[in-house]
Q: 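The structure is given below, and queries will be raised subsequently.
Every value quoted in this text rests on a predicted model; they were computed, and no experiment measured them. Scope of the values below: all heavy atoms of this structure, side chains included, with no hydrogens, waters or symmetry mates.
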Amino acid sequence: MARIRANGIEIEYEDTGPRDGIPFLFINGFGSQLTSWPEEFHKGLEAAGLRVIRFDNRDVGLSQKWHGILPDVRAAARAGNKPDVPYTLADLASDAAGLLDALGIDSAHIAGASMGGMIAQLVVLDHPKKARSLISIFSTTSDPSLPPSSPEAMAALTTPAPATDRATVIAHALKGRRSYASTAWPFDETQLGELIGLNYDRSFYPEGSSRHYAAIVTSPPRTERLKTLKLPALVMHGTADMLIKVEAGRHTASVIPGSEYNEIEGWGHDLPLGVIPTVAGTIAGFVQRVEVARGAKAAAE
């Protein structure tokens with residue numbers, strides 16, 4: 001892993017896979033680090049010839065923090081206002097685009113999961129020259145017409161652990177993740193607990209998650225803007241997702257002209273090892289088709 005200055009801030013990133021491979025930028029979700037998904041995911045993409053760039057969003061992991069600025073989302077909501085926030089999802093999208101610039105990468109396939117999918121949507125909208133395609137994974141347009149999270153999943157997302165020691169944080173995270181886990185694959189508490197523990201050891205920083213949440217709730221829906229997107233897009237979602245329900249994935253695909261939609265039965269808001277070959281294979285196949293089309297277009301010009 002390495003640290004680089006991009007968009008005026010310090011960003012921790014990892015650049016793996018063949019150096020001459022297809023550039024692929026993956027954006028993690030709410031409060032999650034670049035190490036939050038199993039290694040099998042990015043290794044599967046690398047094996048398919050993708051140069052995979054992952055990074056810690058600002059305020060999480062080892063990237064730059066915004067210490068002490070704590071937007072009161074609940075108080076603002078009670079007053080009918082939006083909280084003052086130090087940054088928005090658009091700023092996070094500018095970080096992602098800035099990272100590609102700092103690495104000397106003209107354009108890449110832009111992928112993101114959950115909040116990362118929201119950010120990816122803004123990368124391709126706000127920085128179109130940096131994007132070869134959009135890959136939106138169990139994410140949303142944030143359209144107000146969409147169904148909310150289940151109460152259990154929302155509580156899991158927004159309720160802090162009762163204590164900050166390692167064992168308590170892991171137990172709390174496991175309990176919460178069961179509320180939006182896949183139903184088609186077993187909930188592997190041992191494997192997931194180990195991964196949560198490794199991320200705890202790397203950087204336990206719940207304060208940043210409060211600002212991520214504020215950035216989500218204060219950023220406007222992207223529905224109308226996505227209707228104008230002229231870029232290949234792949235949308236993936238699962239029927240068992242209780243955090244961002246499957247209707248959000250269907251809606252995202254419906255508003256993006258010509259998008260591909262892949263719905264996986266029993267997939268939740270997680271990445272069990274059993275679903276990785278399907279998810280990584282679908283993404284790799286889509287990216288390779290886009291690259292073939294780009295090559296044909298360049299040859300014809």
Q: Could you tell me whether the side chains of Ser136 and Gln121 share a donor-acceptor contact shorter than 3.5 Å?
A: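 Present: a donor and an acceptor within the cut-off.
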Q: Step by step, work out the side chain to side chain contact (heavy atoms under 4.5 Å, CB included) result for Met115 and His212.
A: CA-CA 9 Å; Met115 184 189 81; His212 278 192; 3.5 Å; yes
Q: Please check this pair: side chain of Asp59 against backbone of Trp66, looking for a donor-acceptor N/O pair closer than 3.5 Å.
A: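 Side chain of Asp59 to backbone of Trp66: a pair is present.
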Q: Does NZ or CZ of Arg3 fall inside the cone over Tyr13's six-membered ring, less than 6.0 Å from its centre and within 45° of the axis?
A: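 No cation-pi geometry.
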Q: Is it true that Phe55 and Phe26 have ring centroids separated by less than 6.0 Å?
A: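 Centroid distance Phe55-Phe26: not below 6.0 Å, so no.
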Q: If only atom types and distance count, is the side chain of Lys129 paired as donor or acceptor with the main-chain N or O of Ser107 below 3.5 Å?
A: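 Not at all, since once roles are kept as given, no pair shorter than 3.5 Å links the two residues.
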Q: For side-chain hydrogen bond (donor to acceptor under 3.5 Å, both in side chains), just list the numbers for Asp165 and Thr168, CA-CA rounded to whole Å, side-chain angles, deciding distance to a tenth of an Å, and then say yes or no.
A: CA-CA 6 Å; Asp165 63 280; Thr168 300; 2.7 Å; yes
Q: Between Asp106, Asp101, Asp95, which is the residue that forms a salt bridge (charged side-chain N to carboxylate O under 4.0 Å, His left out) with Lys130?
A: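 The single option meeting the salt bridge (charged side-chain N to carboxylate O under 4.0 Å, His left out) with Lys130 is Asp101.
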Q: Walk me through it: do Ile137 and Ile283 pass the test side chain to side chain contact (heavy atoms under 4.5 Å, CB included)?
A: CA-CA 10 Å; Ile137 304 167; Ile283 291 170; 3.9 Å; yes
Q: Going by side-chain heavy atoms closer than 4.5 Å, which hydrophobic residues are tied to Phe187, directly or by a chain of links?
A: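 Same cluster as Phe187: Ile170, Leu174, Leu192, Ile196.
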Q: Please report the C-alpha distance between Glu260 and Arg289 in whole Å, then the side-chain angles of each, then the deciding distance to 0.1 Å, and finally whether the side chain to side chain contact (heavy atoms under 4.5 Å, CB included) criterion is met.
A: CA-CA 12 Å; Glu260 296 185 23; Arg289 290 194 301 276; 2.7 Å; yes
Q: When you look at CD of Glu265, are more than 12 heavy atoms from neighbouring residues, nucleotides or ligands closer to it than 6.0 Å?
A: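 Open.
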Q: Below 30° counts as parallel, above 60° as perpendicular, anything between as tilted: where do the rings of Phe138 and Trp37 land?
A: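 Rings of Phe138 and Trp37: tilted, 30 to 60°.
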Q: So, His172 side chain and Thr159 main chain: donor-acceptor pair closer than 3.5 Å or not?
A: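 Confirmed, His172 side chain pairs with Thr159 backbone.
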Q: Find out if a path of hydrophobic residues (ILVMFWY) with successive side-chain heavy-atom gaps under 4.5 Å connects Val60 to Leu99.
A: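 Looking at the clustering, Leu99 is in a separate group from Val60.
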Q: Checking Ser139 side chain against Ala113 main chain: does a donor-acceptor pair fall under 3.5 Å?
A: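 Side chain of Ser139 to backbone of Ala113, a donor-acceptor pair under 3.5 Å: no, none is there.
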Q: Do we see a donor-acceptor contact under 3.5 Å between the side chains of Glu46 and Thr16?
A: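 There is such a pair (donor and acceptor under 3.5 Å, judged by atom type) between the side chains of Glu46 and Thr16.
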Q: For residues Tyr205 and His67, establish whether the separation of their ring centroids is below 6.0 Å.
A: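 Yes; His67 has its ring centre under 6.0 Å from that of Tyr205.
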Q: For Ser145 and Asp143, test the side chains for any donor-to-acceptor distance below 3.5 angstrom and give the result as yes or no.
A: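 Yes, because at least one side-chain N or O of Ser145 sits under 3.5 Å from a partner of the opposite role on Asp143.
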Q: Taking the side chain from Ser114 and the backbone from Gly116, do they hold a donor-acceptor pair closer than 3.5 Å?
A: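 Side chain of Ser114 to backbone of Gly116, a donor-acceptor pair under 3.5 Å: no, none is there.
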Q: Any donor-acceptor pair under 3.5 Å linking the side chain of Asn199 with the backbone of Leu195?
A: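 Pair found, side chain donor or acceptor close to backbone of Leu195.
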Q: Among the clusters formed by ILVMFWY side chains lying less than 4.5 Å apart, do Val85 and Met118 turn up in the same one?
A: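 No.
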Q: Closer than 4.0 angstrom, basic N to acidic O: yes or no for Glu291 and Arg132?
A: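 So Glu291 pairs with Arg132 through a salt bridge.
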Q: Under a 4.5 Å side-chain heavy-atom rule over Ile, Leu, Val, Met, Phe, Trp and Tyr, are Leu234 and Ile22 clustered together?
A: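 Yes, Leu234 connects to Ile22 through the hydrophobic network.
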Q: Determine which pairs satisfy side chain to side chain donor-acceptor pair (under 3.5 Å) with at least one residue from residues 270-282, sequence neighbours left out, and list them in order.
A: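 Of all non-adjacent pairs touching residues 270-282, those that pass side chain to side chain donor-acceptor pair (under 3.5 Å) are Ser182-Asp270.
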Q: Taking salt bridge (Lys or Arg N to Asp or Glu O under 4.0 Å) as the test, write out the residues that go with Arg202, two or more places apart.
A: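 Partners of Arg202 under the salt bridge (Lys or Arg N to Asp or Glu O under 4.0 Å) test: Asp56.
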Q: Show your working on side chain to side chain contact (heavy atoms under 4.5 Å, CB included) between Ile110 and Leu100 and close with a plain yes or no.
A: CA-CA 10 Å; Ile110 311 298; Leu100 292 176; 3.9 Å; yes
Q: Check this for me, if you would: do Arg178 and Glu189 make a salt bridge, where the nitrogen-to-carboxylate-oxygen distance has to be below 4.0 angstrom?
A: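 Answer for the salt bridge query: yes.
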